[in-house]
Amino acid sequence: MLDFCIVLWYNTNQSKAFGGDFTARGLYVHVPFCAKKCRYCDFVSFADAADKADMYLDALEKEAAEYAGMEFDTVFIGGGTPSFLKAEQIRRLTEMIRSSFRIAAGAEFSAEINPGTLDADKLSAMLRGGVNRASIGVQSFDDGELAALGRIHTSAQAVKAVEDVYAAGIENINIDLMTSIPRQTRQSLKKSLKTAVSLPVSHISAYSLILEEGTPMYDDYKAGKIALPSDDEDRDNFGMLTDFLEYNGFGRYEISNFAKSGYECRHNIKYWECREYVGLGAAAHSYLRKKRFYNTSDLEEYISGRFRSDDMTELSRGDMASEFMMMGLRMVEGVSADEFERRFGVGIEDVYGAELEKFIKLGLMERRRGRYYLTSRGLDVSNSVMCEFI
Ligand code: SF4
């Protein structure tokens, strides 16, 4: 699934800018099971491993005990496919989260859902477990594109999943959409977007398909069996997507994320604000007390209780400043000069004056009301801009 990523910390100004008053850590729980592997997927997820789910939950419980009593104000169950678990397993997982930790009142509690694996019992287990935000992996409302991606669901199932989740009482709903899908045209993308905004969704994460080595789709591409749009075409399509979503009330608040006002994803904002989070489960990453570490991606190893990889990085002040810039500039509001100084004890211009001046001259960045942020041209080429803050 797409609605997750890396990194960590805390920025009061940016939290308040999004109407939040959330100061505790975020909790991510990885569920690495899927009904079938999508053709483009290189996430840590396993098909044909359903028989290991109970043992995996046992292991999760043990890992959670290491952080017992910690407080979280956002929870994100991602994958993989959390909705692939049986209703009873979903019940067990949410109960484990609630009994192991202090979940703040009003916490955002998200769970990822694949439209091909949802039923009424699972939805009811999620609701009873406190889930109040659903992130549904739709990708496209075109059946030909879904088949090309190797998704297990149709467009009609995706529409039904959104409607069922909403009817059950979850009104904070994200859907993931993709551009650059083989066979996708400007018209078919527009059609998917029109369907998306006609549904009761409050948040849309939109990403360009990236072909990762080792996936069947990558092999097809290398063998000349599929063609992808050029970078320019993809940029044009993403521009159309951005205009369309903004016109329909979904403000762009991060490079790939659009939301109706007040529905920005509080959990993901923690990553972009470089705040602390704990990741449980195979391949989950954590950032705690200036240290970054991650779990084994090996399912058997995780189940056997060898959770952690030996690799732990303690971030220097310079590392943190660099991450603050790279992650913060992903957000349309950018980074606060005052916040930079508060965290690092030195002015942002003293550290990054040359880079900031260069990008402002190129029209890729602006400074307003004490914040530096990327212009829309800058957002188009954000990767190259961010590289210069490393
Ligand atoms: S649903 Fe597909 S894209 Fe998502 S984790 Fe499973 S295999 Fe990967």
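Each ligand, and each atom within it, is numbered from 1 in the order the structure gives. What you see is a predicted model, and the numbers here were worked out from it, not measured in a lab.
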2.8 Å cut-off met by an N, O or S atom of Cys34 to atom 6 (Fe) of ligand 1 = yes
Test ring-ring contact (aromatic ring centres under 6.0 Å, His included), reference Tyr271, set Tyr277, Tyr28, Phe76, output is Tyr277
Any atoms of ligand 1 less than 4.0 Å from a non-hydrogen atom of Tyr40? List them with their elements.
-> 3 (S)
Heavy-atom gap Glu112 to ligand 1 smaller than 4.0 Å = no
Is Gly137 near ligand 1, meaning one of its heavy atoms is under 4.0 Å from it?
-> no
Option nearest atom 1 (S) of ligand 1 (shortest heavy-atom distance, choices Thr215, Ile152, Val44, Thr81) | Thr81
Backbone or side chain, does Cys41 get an N/O/S atom under 2.8 Å to atom 2 (Fe) of ligand 1?
-> no
Atoms of ligand 1 under 4.0 Å from any heavy atom of Arg151, numbered from 1 in the order shown, are 1 (S), 2 (Fe), 3 (S)
Between Asp338 and Arg369, is the closest basic N to carboxylate O distance under 4.0 Å?
-> no
Ring centroid separation for Phe340 and Phe324, is it under 6.0 angstrom?
-> yes
Kindly say whether the aromatic ring centers of Tyr372 and Phe359 come within a distance under 6.0 Å.
-> no
Any side-chain heavy-atom pair of Leu356 and Met325 under 4.5 Å | yes
How does Lys36 reach ligand 1, by side chain, by backbone, by both or by neither, if only non-hydrogen atoms under 4.0 Å count?
-> backbone
Can you name the closest pair of heavy atoms from His153 and Gly137 and give their distance?
-> NE2-O, 3.3 Å
Looking at side-chain heavy atoms only, is the closest gap between Tyr253 and Ile269 below 4.5 Å?
-> yes
Show which atoms of ligand 1 fall inside a sub-4.0 Å distance from at least one heavy-atom site of Asn114.
-> 1 (S)
